[in-house]
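All values below were derived from every heavy atom in this structure, side-chain atoms included, with hydrogens, water molecules and symmetry-related copies excluded. Remember, it's 1-based here, ligands and their atoms both numbered in the order they're listed. Just so it is clear, the model here is predicted, and its values are computed rather than measured.
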Amino acid sequence: MRPKVLVTRKLPAEALEQLEKHCDVDLNEADRPLTRQELMRRIRDKDGILSMLTDRIDGELMDAGPNLKVISNYAVGFNNIDVKEATRRGIPVTNTPGVLTESTADLTWALIMDAARRVSEGDRATRAGRWPGWSPMWMLGRDVHGATLGIIGMGRIGRAVARRARGFDMRVIYFSRTRLPEEEERALRASYCPLQELLRQADFVSLHAPYSEATHHLIGPEELAMMKPTAYLINTARGPLVDEQALVRALREGQIAGAGLDVYEREPELAEGLAELDNVVLSPHLGSSTWQTRLQMARLAVDNLLAVLQGRRPPHLVNEAVWPRK
Ligand code: GLV
Ligand code: GLV
């Protein structure tokens with residue numbers, strides 16, 4: 001019998017075809033997330049699910065799909081999944097690290113440059129006919145080159161962001177759960193720095209930590225108050241790492257110079273007042289959104305899913321405790 005899998009959004013055709021060779025695929029053809037009810041119904045007879053970061057995969061959903069043998073998330077982050085509940089049921093959870101590292105680092109740099117040099121703000125003014133012509137004191141921003149970059153979370157993406165900073169002759173400081181080996185610090189020319197110290201020193205604070213209860217509102221009112229009034233906050237990781245209301249206040253009051261955000265606390269909703277501010281660049285969760293990267297993510301998510309269904313260890317297993325399967 002061919003396994004049955006639910007794919008919760010349309011993906012690159014090549015990856016779906018690979019999946020269809022081995023499984024009966026129930027694909028969400030609609031170009032929107034499945035509702036909770038639809039998910040609960042369509043998981044019922046499935047052996048596997050290929051889920052998006054917008055799908056909440058909790059114990060209740062796992063109970064609704066008693067045959068479920070694998071949860072393959074189409075993302076590097078997996079905070080949309082209750083991993084503890086999956087582990088308790090012996091269900092492997094997989095993700096797609098590595099393949100989206102460089103694209104997400106690129107997007108982080110787009111936000112750094114845009115926020116500091118006011119590209120989007122200037123674009124809005126230009127289109128609206130508000131450009132007074134070249135002016136000595138109009139739309140001044142801040143230099144990126146030579147500035148201090150503070151990276152919070154030195155995983156794959158944090159390190160890829162640090163590597164790019166070398167071309168801008170920046171000083172790189174970082175805070176992370178685990179300190180890098182000395183030789184890697186040297187290669188990246190990045191030095192370890194306690195969080196509060198990093199917040200006080202950095203001209204750009206960029207977040208690359210995973211989201212969990214432990215990192216909820218890692219950046220709140222106190223942290224924003226520690227930042228320089230000339231500094232920028234960049235978030236391409238997960239929205240709830242930042243207290244978005246507090247950020248709106250800090251941006252409005254000029255407590256910090258600006259921000260570049262790709263992720264939000266309640267996507268696709270924005271905190272009240274955020275969209276009215278000119279000193280923030282808002283991109284719509286585009287970190288991994290290139291043709292090349294999304295194809296690689298799809299291939300990897302399919303590989304992960306098929307591996308488990310075929311009794312092989314998946315390339316990227318999140319919950320090691322379930323392997324080997326009992
Ligand atoms: C995107 O946000 C991801 O976690 O892959
Ligand atoms: C993600 O790939 C990370 O480890 O930063």
For the pair Phe175 and Tyr192, name the ring-plane relationship: parallel under 30°, tilted 30 to 60°, perpendicular over 60°.
tilted
Taking NZ, NE, NH1 and NH2 as the nitrogens, is one of them in Asp26 or Lys46 under 4.0 Å from a carboxylate oxygen of the other?
yes
Going by atom types only, do [X] and [Y] share a side-chain donor-acceptor pair under 3.5 Å?
{"X": "Arg294", "Y": "Ser288", "value": "yes"}
{"X": "Asn304", "Y": "Ser72", "value": "no"}
{"X": "Asp262", "Y": "Ser283", "value": "yes"}
{"X": "Glu265", "Y": "His217", "value": "yes"}

I'd like to check which ligand 1 atoms, numbered from 1 as shown, lie under 4.0 Å from a non-hydrogen atom of [X].
{"X": "Ala75", "result": "3 (C), 4 (O), 5 (O)"}
{"X": "Leu53", "result": "1 (C), 2 (O)"}
{"X": "Gly77", "result": "3 (C), 4 (O)"}

Answer yes or no: does an N/O atom from [X] fall short of 3.5 Å to an N/O atom of ligand 1?
{"X": "Ala237", "result": "no"}
{"X": "Thr96", "result": "no"}
{"X": "Val76", "result": "yes"}
{"X": "His285", "result": "yes"}

Using a heavy-atom cut-off of under 4.0 Å, does the side chain or the backbone of Thr104 touch ligand 1, or both, or neither?
neither
With a 4.0 Å heavy-atom cut-off (strictly under), which part of Leu100 contacts ligand 1: side chain, backbone, both or neither?
side chain
Nearest heavy-atom contact between Val205 and Ala202 is CG2-CB, 3.8 Å
